[in-house]
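First up is the structure itself, then whatever we jot down about it.
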Amino acid sequence: MRSGQDLELVHVTKRYGGTVAVRDVNHVFANGTYVCLLGPSGCGKSTTLRMIAGHESISEGSIVLDGHDVSQLAPAKRGTAMMFQSYALFPHLSVRDNVAFSLRMKGIDKAARHRAADEMLALVDMTHLAERLPAQLSGGQQQRVALARALVTKPRVLLLDEPLSALDPFLRIRVRAELKRLQRELGITFIHVTHGQDEALALADEIVVMNNAVIEQAGNARDVFSAPKTEFVARFMGGHNVMTVDGARYALRADEVVLGETGAAATVRTVEYQGAHVAVTAMMGAEEVLALVPEGRFFENPKTPGDAVGLSWDPSRLHLLTA
């Protein structure tokens with residue numbers, strides 16, 4: 001059911017001269033959800049985020065928040081806040097003053113803005129570093145300060161532009177868990193741009209997959225992964241085979257493919273150990289098929305490139321693609 005506080009894109013288009021970066025996009029971001037805009041570089045996801053924030057003008061359409069068209073409002077007047085990929089912290093200001101900066105610009109007195117900043121620093125577990133300068137912080141700590149600064153204005157919608165890309169893999173997993181916790185505690189809408197499928201699957205209540213300036217598919221994380229609608233979504237989400245059966249195109253999850261002695265004849269092309277499973281690609285005629293084989297099962301009867309194998313699957317697990 002649609003809430004009056006939802007964020008809605010209505011026929012939103014962005015043109016740069018003759019280039020269309022976002023084409024006639026319509027979408028409702030439900031209030032209080034964690035949404036990931038997912039897609040390859042150049043698909044339009046960051047442009048969409050920047051239009052919502054007010055850092056890019058829209059060429060056509062409207063952006064509606066809480067029942068009001070905010071398309072022509074300045075960024076600070078929209079009820080949104082954006083956390084940039086670069087963090088953009090002021091090097092000469094303390095952590096507390098960085099977080100309080102936007103409140104200072106609004107003319108809020110020092111005691112009140114420091115109270116608000118300290119509340120946000122407690123939320124991101126940075127109270128003990130409030131007096132430090134950004135240069136004295138690690139990348140993960142700077143990321144938390146940038147997050148606190150974005151949240152201090154109490155936005156209805158928080159916009160995050162690839163916020164984890166500068167972090168090492170171990171820290172990225174830790175920080176994404178914190179982002180999800182914060183979103184649940186605050187109960188506001190988070191819209192998070194990423195090109196990482198694992199990041200989107202881990203975080204999102206809803207994944208919006210973009211490609212070539214349009215939305216290819218939107219839905220909850222499990223549906224988008226398990227029931228891709230198009231060949232692009234199946235391939236981009238990973239872990240799927242796209243194959244032709246009786247003239248129609250189907251997706252089949254790679255973990256549904258059984259590698260054995262019986263089934264369709266195929267020849268092993270590559271074998272890649274991935275820890276919990278082994279990724280085996282095999283040529284079935286002219287078609288390349290990926291099988292994700294549980295590690296224990298693979299090493300009971302290991303295969304090497306050039307080996308003849310049989311591939312089989314439950315036909316009911318084939319998922320018909322619409323495009």
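Heads up: numbering here begins at 1 and tracks the sequence.
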For the [atom1] atom of [X] and the [atom2] atom of [Y], what is their distance to the nearest 0.5 Å?
{"X": "L38", "Y": "H195", "atom1": "CG", "atom2": "NE2", "value": "9.5 Å"}
{"X": "E295", "Y": "E300", "atom1": "CD", "atom2": "CD", "value": "10.0 Å"}
{"X": "R176", "Y": "T194", "atom1": "CZ", "atom2": "OG1", "value": "9.5 Å"}
{"X": "L9", "Y": "I63", "atom1": "CG", "atom2": "CD1", "value": "6.0 Å"}
{"X": "L158", "Y": "L186", "atom1": "CG", "atom2": "CG", "value": "8.5 Å"}
{"X": "E178", "Y": "E185", "atom1": "CD", "atom2": "CD", "value": "10.5 Å"}

Open item on the list: Assess the residue pair L179 and L160 against the criterion (side chain to side chain contact (heavy atoms under 4.5 Å, CB included)); give the C-alpha distance rounded to whole Å, side-chain angles, the decisive distance to 0.1 Å, and a yes or no.
Closed with: CA-CA 10 Å; L179 284 175; L160 304 111; 4.1 Å; yes
- [ ] For side chain to side chain contact (heavy atoms under 4.5 Å, CB included), just list the numbers for L201 and I207, CA-CA rounded to whole Å, side-chain angles, deciding distance to a tenth of an Å, and then say yes or no.
- [x] CA-CA 8 Å; L201 290 168; I207 294 177; 3.9 Å; yes
TODO: Could you tell me how the ring of F90 sits relative to the ring of H92: parallel (under 30°), tilted (30 to 60°) or perpendicular (over 60°)?
DONE: perpendicular
Can you tell if the side chain of [X] reaches within under 4.5 Å of the side chain of [Y], non-hydrogen atoms only?
{"X": "V242", "Y": "R249", "value": "yes"}
{"X": "L292", "Y": "Q274", "value": "yes"}
{"X": "L129", "Y": "Q136", "value": "no"}
{"X": "H192", "Y": "E199", "value": "yes"}
{"X": "I188", "Y": "L151", "value": "yes"}
{"X": "L37", "Y": "F29", "value": "yes"}
{"X": "M210", "Y": "I215", "value": "yes"}
{"X": "R15", "Y": "E60", "value": "yes"}

Shortest non-hydrogen contact from [X] toward [Y]:
{"X": "R96", "Y": "A117", "value": "O-CB, 3.8 Å"}
{"X": "L311", "Y": "A282", "value": "CD1-CB, 4.3 Å"}
{"X": "L164", "Y": "Q143", "value": "CD2-NE2, 3.4 Å"}
{"X": "C43", "Y": "N211", "value": "CB-CA, 3.9 Å"}
{"X": "S46", "Y": "V193", "value": "OG-CG1, 3.6 Å"}
{"X": "Q217", "Y": "A227", "value": "NE2-O, 3.1 Å"}

Between [X] and [Y], is there a shared hydrophobic cluster once you connect ILVMFWY residues whose side-chain heavy atoms come closer than 4.5 Å?
{"X": "Y273", "Y": "V257", "value": "yes"}
{"X": "L65", "Y": "V208", "value": "yes"}
{"X": "M83", "Y": "F101", "value": "no"}
{"X": "I58", "Y": "I52", "value": "yes"}
{"X": "L123", "Y": "L103", "value": "yes"}

Does [X] use its side chain to pair, donor to acceptor, with the backbone of [Y] at less than 3.5 Å?
{"X": "R23", "Y": "A213", "value": "no"}
{"X": "N26", "Y": "V10", "value": "no"}
{"X": "K110", "Y": "R104", "value": "no"}
{"X": "R113", "Y": "G107", "value": "no"}
{"X": "S94", "Y": "R132", "value": "no"}
{"X": "D307", "Y": "T304", "value": "yes"}
{"X": "R317", "Y": "L252", "value": "no"}

- [ ] Check the side chains of S59 and T13 for a donor-acceptor pair under 3.5 angstrom, ignoring hydrogens and angles.
- [x] no
- [ ] For the residue pair R253 and S226, confirm or rule out a side-chain donor-acceptor distance under 3.5 Å.
- [x] yes
Quick check on [X]: does its [atom1] atom have over 12 non-hydrogen neighbours (other residues, nucleotides or ligands) under 6.0 Å away?
{"X": "N212", "atom1": "CG", "answer": "no"}
{"X": "Q72", "atom1": "CD", "answer": "no"}
{"X": "R181", "atom1": "CZ", "answer": "yes"}
{"X": "K229", "atom1": "NZ", "answer": "no"}

- [ ] Starting from the C-alpha separation in whole Å, work towards a yes-or-no answer on side chain to side chain contact (heavy atoms under 4.5 Å, CB included) for M51 and V22.
- [x] CA-CA 10 Å; M51 285 192 289; V22 176; 3.8 Å; yes
TODO: Given side chain to side chain contact (heavy atoms under 4.5 Å, CB included), test E206 with T33 step by step and report yes or no.
DONE: CA-CA 8 Å; E206 180 185 39; T33 56; 5.5 Å; no
Task: Steps toward salt bridge (charged side-chain N to carboxylate O under 4.0 Å, His left out) verdict (E261, K303) - done: CA-CA 11 Å; E261 306 304 320; K303 302 296 179 188; 3.2 Å; yes
Task: Note: R269-E287 ion pair, threshold 4.0 Å (strictly below) - done: no
Task: Basic-acidic side-chain contact under 4.0 Å: K180, D205 - done: yes
Task: Pair H240 + F225: ring centers closer than 6.0 Å - done: yes
TODO: Kindly determine whether T270 and T281 satisfy side chain to side chain donor-acceptor pair (under 3.5 Å), including the steps that lead there.
DONE: CA-CA 5 Å; T270 64; T281 58; 2.4 Å; yes
